[in-house]
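Here's the structure we're looking at; comments come further down.
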Amino acid sequence: TDPDAPPHRRMSQILVPADADGVEVVRPIPTMGHTGRGWTTHCEVRYTGVRVPVENVLGEPGDGFRIAQKRLGPGRIHHVMRWLGQMQRAFELMCTRALEREAFGGPLAEKQTVQNWIADSAAEIQACRLMTLDAAHKIDGGDEARVEVSVIKFYAARVLHDVIDRAVQVHGALGLTDGTPLARMYRDARGARIYDGPDEVHRMVVSRRILKAFAAGDGWSFT
Ligand SMILES: Cc1cc2nc3c(=O)[nH]c(=O)nc-3n(C[C@H](O)[C@H](O)[C@H](O)COP(=O)(O)OP(=O)(O)OC[C@H]3O[C@@H](n4cnc5c(N)ncnc54)[C@H](O)[C@@H]3O)c2cc1C
């Protein structure tokens, strides 16, 4: 709303009623093979000559970036909390299938590769749990926990993908069918590395802050 303001003061957030004149939902945008429904639908929206009262601006003009950032920290850790549930579900399906399915003379659970997948998944899920609790603890203490939230955002997104991927592999062809929730979970997990900031941007945030602390002579302590 103000292209001449400093970069972080250029945007405003404006409430626009969905039934305002000139608002048009053009189409749901299909992603990874499904159109979504309800709150999971992402639509293309066209605004043509829409006018709303000035009091529909959230906060002050120029607050848009600040408001978005305020939501994004808690929003990102909330994503990770949901992913932890997905990881656990995939992990349980993987372990159950490994015990049930027999191939080449014995249960999959006795193959060392499958055992490695289970052990690696257990370690990584627990790491995600503890890092999430640590970030939440710091947020509860009044800290924005920018580094902790960014670390868990990109790290947990990868673990989510990897655990579901291993669970799909243990299920063989069954894992690709819609006979288990894994195929849907796998498709949804891909977005985790992109929405609310792609992995690369979170890594950039983390390394910038750490290097800034080093440059100031403070080093970095893992508390
Ligand atoms: C399922 C889903 C739901 C979403 N929901 C919402 C929502 O509710 N509200 C909302 O506002 N947005 C939403 N988004 C948008 C999302 O936040 C953006 O897609 C995301 O921030 C990446 O922006 P972009 O797509 O413009 O990618 P770009 O900015 O074009 O980046 C493309 C790629 O370039 C690379 N890249 C970008 N910057 C850097 C960098 N600094 N260093 C190195 N590499 C870089 C990354 O690999 C990145 O994936 C959603 C996206 C998805 C997929």
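First listed ligand is number 1; within each ligand, the first listed atom is number 1.
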**Study point:** Closer than 4.0 Å: a protein non-hydrogen atom to atom 32 (C) of ligand 1
**Key:** no
**Study point:** atom 49 (O) of ligand 1 touched by protein (heavy atom, under 4.0 Å)
**Key:** yes
Check your understanding: Does the protein put any heavy atom within less than 4.0 Å of atom 29 (O) of ligand 1?
Key -> no
Practice item. Return the orientation label for the F65 and H8 ring planes: parallel under 30°, perpendicular over 60°, tilted otherwise. Key: parallel
Check your understanding: When only distance counts, is Y195 in polar contact with ligand 1, meaning an N/O pair under 3.5 Å?
Key -> no
Review point. Who's the nearest protein heavy-atom neighbour of atom 41 (N) of ligand 1, and how far?
Key: M204 SD, 3.5 Å
Check your understanding: Do the non-hydrogen side-chain atoms of V26 and V45 ever get within less than 4.5 Å of each other?
Key -> no
Revision key, fill the gap. In short, R193 meets E200 closest at the heavy-atom pair NH2-OE2, 4.3 Å
**Study point:** Heavy atom of the protein closest to atom 6 (C) of ligand 1 (residue, atom name, distance)
**Key:** H42 NE2, 4.3 Å
Point to revise | Numbering as shown, the atoms of ligand 1 that approach I194 to under 4.0 Å (heavy-atom distance) | key: 19 (O), 20 (C), 21 (O)
Review point. Going by atom types only, do R129 and Q126 share a side-chain donor-acceptor pair under 3.5 Å?
Key: yes
Practice item. Measure the distance from atom 47 (O) of ligand 1 to every protein heavy atom, then report the residue, atom name and distance (to 0.1 Å) of the closest one. Key: E200 OE1, 2.9 Å
Check your understanding: Would a 4.0 Å cut-off, counted as strictly less than, catch a protein heavy atom around atom 10 (C) of ligand 1?
Key -> no
Review point. So, Y155 versus H202, ring centres under 6.0 angstrom or not?
Key: no
Exercise for review: Kindly indicate whether the side chain of P181, heavy atoms from C-beta on, has any atom under 4.5 Å from the side chain of R184.
Suggested key: no
**Study point:** Backbone of M204 reached by a side-chain donor or acceptor of S207 within 3.5 Å
**Key:** yes
Point to revise | Heavy-atom protein neighbour under 4.0 angstrom from atom 43 (C) of ligand 1 | key: yes
Check your understanding: Does D196 come within less than 4.0 angstrom of ligand 1, counting non-hydrogen atoms of the residue?
Key -> yes
Review point. Among protein heavy atoms, which sits nearest to atom 37 (C) of ligand 1, and what does the distance come to when rounded to 0.1 Å?
Key: V201 CG2, 4.2 Å
Check your understanding: Picking from H79, K153, R76, what satisfies side-chain hydrogen bond (donor to acceptor under 3.5 Å, both in side chains) with D196?
Key -> H79
Exercise for review: Could you tell me whether atom 26 (O) of ligand 1 has at least one protein heavy atom nearer than 4.0 Å?
Suggested key: no
Check your understanding: Does the protein put a heavy atom under 4.0 Å from atom 13 (C) of ligand 1?
Key -> no
Point to revise | Identity and distance of the protein heavy atom lying nearest atom 23 (O) of ligand 1 | key: P198 CD, 4.8 Å
Exercise for review: Using a strict 4.0 Å cut-off to heavy atoms of G197, name the atoms of ligand 1 that fall inside it.
Suggested key: 21 (O)
Exercise for review: Inspect the contact between R9 and D63 and indicate whether a charged nitrogen and a carboxylate oxygen are less than 4.0 angstrom apart.
Suggested key: yes
Review point. Do T1 and R10 have a side chain donor and acceptor closer than 3.5 Å?
Key: no
